[in-house]
Amino acid sequence: MDTNPQGQDLERIMKAYTSMINLLGKNSHWELALDALQGMPQRNLEANNATCSAAMSACARAKQWRHAVSLLHDMRVGTLRPNIISWSAAMSSCVRSSQWAAALQLLCKVQLEGPQPDTFCYNLAIAACEKGAQWRTAIVLIDLLAVKGAPDKVSYTSAISSCHKGAQWERALQLLASMHSRRLQADTMCYTALISACSASFHWENGLQALRDMTRWDILPNTFSYNAAVTACGRGSKWEAAIGIFREMSLVELVVDTVSYNAAMGACEKAATWQVATLLLRAIPGELEPNATSYNTTISACAKGGQWELVLELLEEMPARRLLLDTITYSSAITACERAARWEAAIFLLHEMPGRKLKPNAISYCAALGACRGRWREALELLDAMSSFRIAPSKIAYSEAVEACGLAQRWAEALVLHRALRSNAVRADAALYTELIRACEPSGRWAEALALLQEMHQLRVVPSSLTCCAAISACGRSSQWAEALTITAAMHSLRGELLAPNKVQDARERAMAVLLTSGHPAEALSLYREAAERGDAWIALNIPASEVHVIGRGESETEAPSALDLHGLSLEAAELAVWDALLRLPARPPSDLLVVTGRGLHSASGRSSIQANLLQLLNAELRLTSWAVPLNEGCIRIPARALRELRGFECSPAGTAGAAGSPRGSLRGPVQGLQGSQGSLRAARAPVPLVPLVPPPLWRREVSPLSSHGSLSRRLFRIWA
């Protein structure tokens, strides 16, 4: 046999070798392909670009990019000069292995060493950028390709996909516009990549519009396009739109696969619509088996809805369908038990995980700790058990354990946890300090609460409004009103979210309640007026009476009533606001006073407790005739005559002041004595006169119990006396 073939025989043998290496690569035998290439010299055969490219393609299919790049390096240092096909094969191996940096290095080398890279090489480099979410580099390569050659649909599709990975929906739209300017017809893959980019950027409207544009441009969307649109609506918490697109798939006769169902269930999971998610899971047809993602998504939706029993049922179904339960499944189930306050079930699921060869993670333990509200012993045991799995307790885990101790009024154990946290070099944040101070609050451990605040100052941890509220409440339980005022005053020197009026409101109202319960109503009223002088938006406002929908006119035919808005105030702050308004009345109040309390529709009882207590205060204690306005039960009306009697005047029919005061005696002197330093509320616009109203003959509204601080009027009377 001739061992040195020549001519046509050599060409035929080389083609056979190349075909054999290609066949080995297609069958994932990349090692045999390399052995065949290396054994060619033993048969007096010299490898060429075709055989080397075939071997590199075999390595690319097996994601053995290092061997492919090494083979290309051997060609470069040897006598064989690699052609563009060899370079492309090596770059393809890098793309398949998601080695975008190596692919870009090869593109730079081929530009320096030659031959000139073609569009296919650039497309491989752009695809590598898409794998690595390098959208900026992909756009630069598109621009270079536009200068040196002509980008095609593959180039733009890969670049738009890279924008999807980088959540750059605006860049994706620009690339699509560039395609149209080059008269390139975008296909289904381009639009699907665009919809995915809008989905990743949480711009579901643009993704939905891109799906509609496909029909306008006679581009048929496929299942992937609809799945991307459903996912985009889900990310935007538009589960109704997601279900609508999901139903549309059947109308246009597209194949609805398991991914479609999972995308629709994912949209329901984002919106905590567990009922629809469960129906979708049950609606998966027999030919489409639900996978672990289907169950995990539904379990997460049920967990957000607090349906812990349904979660346990789904958990039992998964082994019957031969689906593996993973840590995500158990974490979602434990979260469902946490939301339903089922600490026994949460701990049982956590202890069941090692039996299924699953290692609990920090999320699992934090969810179980959150379920142990008030179960301080169980919380401490879980915190100790984390070390057995070599899981370092996080700030969230410590916060949950501290909260459990606080609800059980175990402030000493909470402080022990704080010391353990510092010994483990875990830096506590404002949320953790808030839970520590809350643990001290029920027992009135105001000194410990102030010490924690001092520690926060030393560690430069900025307290939140919740932190200050907890410290103020702790001081209030021990009647430490001076410390409560100090904390309230210190809030103005804090930065960040404490400067927002809605964040300061809770702390101020908590301080007012502390002052009232401590027997210092004058200081409480002073704190309220200080807030008014600062211009806090939450304080009671004088509003135009024209904005209050009432029917009727007061006793005065010429003067329109003024109005006081108490929306958003606590019971204590509302009573202080009314007292402040009464103290600011002129000597002869010219008009009625409207007090807007709201109807209490958002309260647990569906009625306004503030209005009931104010009516009790005004009618029973001050004997100040007032009533809830008919057809607007969220408003109290105090007639001008009653206000004049409160101020020490009684009007005669002619309109002159009588000598007789109110039945309980004149309050004019004491009121004027307290009006020395009054803060000015916001000036109201000129009110519009209202229609006459006849007060009801009897006041028959049911009154809720007074607040815990007792009768505010009696306390103020003692100050006046």
Q: Spell out, as yes or no, whether a donor-acceptor pair under 3.5 Å connects the side chain of Arg445 to the backbone of Ala412.
A: no
Minimal non-hydrogen separation, [X] against [Y], with atom names:
{"X": "Ala272", "Y": "Lys304", "answer": "CB-CB, 3.8 Å"}
{"X": "Glu378", "Y": "Cys372", "answer": "CB-SG, 4.1 Å"}
{"X": "Ala167", "Y": "Ser201", "answer": "O-OG, 2.8 Å"}

Q: Side-chain contact test, heavy atoms from C-beta onward, threshold under 4.5 Å: evaluate it for Leu323 versus Thr329 and give yes or no.
A: no
Q. Are Val426 and Lys395 side-chain neighbours, meaning at least one heavy-atom pair lies under 4.5 Å?
A. yes
Q.
Measuring from atom CD of Glu289 to atom OG1 of Thr258, what distance do you get when rounded to the nearest 0.5 angstrom?
A. 8.5 Å
Q | Value rounded to 0.5 Å, distance of OG in Ser399 from CG in Leu421 | A | 8.0 Å
(Q) With no hydrogens and no angle check, just 3.5 Å: does a side-chain donor-acceptor pair link Glu400 and Tyr365? (A) no
Q. With no hydrogens and no angle check, do the side chains of Glu435 and Tyr398 hold a donor and an acceptor under 3.5 Å apart?
A. no
Q) Can Arg419 and Glu455 be counted as an ion pair, charged N to O under 4.0 angstrom? A)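 Answer for the salt bridge query: no.
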**Q.** Pair Thr278-Thr298, side-chain hydrogen bond (donor to acceptor under 3.5 Å, both in side chains): steps then yes or no
**A.** CA-CA 6 Å; Thr278 306; Thr298 308; over 6 Å; no
